[in-house]
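First up is the structure itself, then whatever we jot down about it.
Quick note: residue numbers are just sequence positions, from 1.
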Amino acid sequence: MSAKGTREAAKTTVQGGPEPRRSENGTALAASYPANVRNVALVGHSGAGKSMLVEALLAATGAITRMGSITDGTTVSDSDPSAVHQQRSVTLSVAPILVGDVKVNLIDTPGYTDFTGELRAGLRAADAALFVVSAVDGIDGATVALWGECEKIQLPRAVVISRLDHPRADFRAAVERSQDAFGEAVLPMYLPTPDGVAGVLDPPGSTDPALESALDAARGPLIEGIIAESEDETLMDRYLGGEELPLSDLIQDLETAVSRGRFFPVMPTSAETGLGLQELMSLLVDALPSPPERPAPPAMKLDGSSLKPLSCDPDGPLAAEVVRTTVDPFLGRVCLVRVFSGTLREDSSIHIGGRGLADRGHEDHDSDERVTHLYSPVGSSLKAVPYCIAGDICAISKLAGAETGDTVSDRESPLLIETWNIPEPLMPIAVEGASRSDEDALAKNIGKIAAADPTLRVERNQDTHQLILWCMGEAHAEVVLDRLRAQGVKLQTVDVITPLRETFAGNASGHGRHVKQSGGHGQFAICDIDVEPLPRGGGFEFVDKIVGGVIPATYVASVEKGIRAQMLKGVAEGFPVVDIKVTLTGGKTHSVDSSDAAFQAAGALALREAAAATRIQLLEPVSSVVVNVPDEYVGAVMSDLSGRRGRVTGTDAAPGEGAEISAEVPDQELLRYAVELRALTAGTGRFRRSYLRHEPVPK
């Protein structure tokens, strides 16, 4: 069955659903059946025109009375204070429009690489993607990589050439760049004209010879591209035989190919002049798939056992996912939710479940809550709705424990949806409060910020005692800090301290004498130790070679306890001591004044004296780093790694992704690597890291 046939069948099976509610400006607040929903993510590099295209579509459908401005911070999509400050989207936002009787949820996603987490969340909520390409600028490497990711999951796509009102706009060049970046299946359906747009498949009849020539040149490749994806194998023979194919058949096959992610139409638009908006809305409704035509993400029971695949059925079991979380001063925690199965209703009992992000400070949790209010989100504004069916997107307020990535399901039959791929934050920022009260406020509010942002990892380093915020980059860090300051926290950033270690460079002996008399019981403990270094990773060994019981076994343990405590404090620069063997060789006790505390102090003194008798070697952490880059950047990346005191251990081909470079790099050289790799590779490089070992710090 064609995609269009599937869509019609889905309509008839739920035709008895409730009538959609509409706001005063005509926007459908609650869809009545899944086939009348489209969830479309707008993606592309920052500055391509995504937010303004959303504004233009909202204005064209009467959802807003006039378009806002990015400069003035008045767009529907970018209401976040950080977005207004940075003049770019920093979070995803949803803006529904009504095209006929179809509700189209426009999901505006950030284009800057620091906010990839919001982009991936937007793709999870979407059933298709519009790649917005500026007719003025080029296509960056990150957008090309994103196209490849969408290709892997067979997400239907279309290309929108924006900003055609700009004096330097070049539609033909933009199409060529798109074909070079995305492939030959990217073909224009319309061409811009001085009066609007002209359909490539429309019958010839233009009075402009130049335009008609351009349409003729584009018509052949478009028809051949449609036929190549058609289910009718006779079309190609008929076309090559000179037969004029019915336009209705071509359009139906085109819509089928688009909805299946095999063909990618190019649409010319201008948000300022309204060029191509009506044609784009027709494409959204007629060619892009509805939720029943797309598979739902895998789900499982709470014990990990598998479930049968979810279907987009309003009467099925409830299965929804939180794709964004915000904290409103009046509504509390507000969760943006994509419903994959079942129907979410007001005053219903639900289960909130989250797994798999414990390493980022998001502990696994399972809780039962009640839905008090449901909303249809329009950017930052919320409009109350009584229900949200499978396939639609809504917002729930006043959920106590829900976080981004959590699953919303029935309380009686809870389940978990497999979380989408959330990128790992790799740039550390150390922060501290300006005062003790600010430290308390920081500790209180950082959890709220982290709950809304799964790409933020919060760490209290046990060695340096610094509060480390692991971010995606500088712009992401700025957003996090702005949100903390908005909560009234006065804070400052400080240099990140690399957690070094200390070890003994050679053998040494120490004499610990802790003897004090102050009236009454005094303190008496004497011990002698030998210290020798162990190989890297050897840890700590303690050997008792006391002869004749000069130190009772009880106090031997006290000596070891004192040595371990001193190792944690360090013996030179205040970093923990590792990889040593300590041998207790002798000592003295007193029948009255010896005690556990005295021998702990003596053990610590002995270790410090031994350290003073030899050289202490500082050790720095070294990580195993794997960098994925396109082939053209391999040389530059390897040279950069060498300049960071890194050792390249291998280079392998990554299928479809260029090269994979393996290296060992000191952590001190990786503090800003997330930012610098992006600059070095035009946004295409990415890396992952894991702790490997500690190595001596160079002189």
Side-chain angles (χ1 to χ4, degrees), residues 425-432 457 459-470 493-510 529-541 563-582 604 606-627 637-650 661-677 680 687-699:
L426 294 169
M427 192 185 85
I429 300 291
V431 298
E432 60 183 28
R457 178 158 60 92
E459 173 195 359
R460 176 68 73 173
N461 191 283
Q462 297 298 319
D463 296 328
T464 66
H465 307 292
Q466 285 187 308
L467 179 62
I468 306 295
L469 307 181
W470 289 87
T493 59
V494 295
D495 291 338
V496 176
I497 301 174
T498 301
L500 303 181
R501 297 287 187 269
E502 300 174 0
T503 193
F504 281 58
N507 296 347
S509 298
I529 63 173
D530 292 334
V531 183
E532 57 185 292
L534 292 176
R536 295 286 77 79
F540 171 64
E541 292 182 21
I563 291 171
R564 287 182 179 273
Q566 187 63 50
M567 288 175 64
L568 291 175
K569 297 177 182 178
V571 292
E573 302 292 339
F575 296 105
V577 178
V578 296
D579 301 339
I580 60 171
K581 177 181 178 180
V582 176
L607 186 65
R608 292 201 298 269
E609 184 176 293
T614 188
R615 184 171 65 88
I616 298 300
Q617 174 70 61
L618 289 178
L619 305 175
E620 63 178 342
V622 176
S623 288
S624 172
V625 176
V626 179
V627 186
V637 170
M638 292 178 66
S639 176
D640 179 72
L641 288 172
S642 297
R644 297 175 184 275
R645 299 188 286 127
R647 294 187 295 272
V648 176
T649 58
I661 304 170
S662 301
E664 298 175 359
V665 187
D667 283 13
Q668 181 66 33
E669 305 291 340
L670 295 174
L671 295 179
R672 290 180 50 80
Y673 192 56
V675 176
E676 290 158 352
L677 176 65
L680 187 66
F687 78 104
R688 59 185 186 274
R689 60 184 285 185
S690 58
Y691 170 75
L692 190 61
R693 60 180 174 269
H694 273 72
E695 291 185 353
V697 175
K699 292 183 180 179

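Between the OH atom in Y673 and the CG atom in D640 there is a gap of 5.5 Å [rounded to 0.5 Å]. To the nearest 0.5 Å, atoms CD (E541) and CG (L534) are separated by 5.0 Å. Between E695 atom CD and L618 atom CG the span is 14.0 Å, to the nearest 0.5 Å. Note: I580 CD1 to M567 CE = 4.0 Å, rounded to the nearest 0.5 Å. Rounding to the nearest 0.5 Å gives a distance of 9.5 Å between CG of L671 and CE of M427. Rounding to the nearest 0.5 Å gives a distance of 12.0 Å between OG of S623 and CD of E669.
Under a 3.5 Å cut-off, the side chain of E676 and the backbone N or O of L670 do not form any donor-acceptor pair. Listed for the E502 side chain is a donor-acceptor partner under 3.5 Å among the backbone atoms of V571. For the pair T464 (side chain) and P499 (backbone), a donor-acceptor distance under 3.5 Å is absent.
What you find for I529 and V531 is that their closest heavy atoms are CD1-CG2, 3.9 Å. The two residues A610 and A508 come nearest to each other via the heavy atoms O-CB, 3.3 Å. Considering every non-hydrogen atom in both I468 and P428, the closest pair reads CG2-CB, 3.6 Å. Looking at every heavy atom in both residues, F687 comes nearest to R689 through CE1-CD, 4.1 Å.
With I661 as reference, L641 is the one residue of L641, T649, V626 to meet the side-chain contact (heavy atoms from CB on, under 4.5 Å) rule. Considering Q668, R501, H694, R645 in turn, R645 is the only one that fulfils the side-chain hydrogen bond (donor to acceptor under 3.5 Å, both in side chains) rule with E620.
Side-chain contact between D530 and V582 is absent, with no heavy atoms from C-beta onward closer than 4.5 Å. In this structure, L619 and R536 have side chains that are in contact, with non-hydrogen atoms separated by less than 4.5 Å. Side-chain contact between P621 and L500: present, with at least one pair of heavy atoms (C-beta onward) separated by less than 4.5 Å.
Defined by atom type and a distance below 3.5 Å, a donor-acceptor pair is missing between the side-chain atoms of Q566 and R564. Side-chain atoms of D579 and T503 form no donor-acceptor pair, as typed in the model, at a separation below 3.5 Å. For the 3.5 Å distance criterion, the side chains of T498 and D667 fail to qualify, holding no donor opposite an acceptor.
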Derivation of the side chain to side chain donor-acceptor pair (under 3.5 Å) call for R460 and Q462: CA-CA 6 Å; R460 176 68 73 173; Q462 297 298 319; over 6 Å; no
Kindly indicate, with the supporting measurements, whether the criterion side chain to side chain contact (heavy atoms under 4.5 Å, CB included) is fulfilled by T614 and N507. CA-CA 7 Å; T614 188; N507 296 347; over 6 Å; no
Evaluate the side chain to side chain contact (heavy atoms under 4.5 Å, CB included) criterion for residues V577 and F540: first the C-alpha distance (whole Å), next the side-chain angles of each, then the deciding distance (0.1 Å), finally the verdict. CA-CA 9 Å; V577 178; F540 171 64; over 6 Å; no
Quick one: do L607 and F504 satisfy side chain to side chain contact (heavy atoms under 4.5 Å, CB included)? Show the steps, please. CA-CA 11 Å; L607 186 65; F504 281 58; 4.0 Å; yes
Take E432 and L467 through the side chain to side chain contact (heavy atoms under 4.5 Å, CB included) test and state the conclusion after the steps. CA-CA 7 Å; E432 60 183 28; L467 179 62; over 6 Å; no
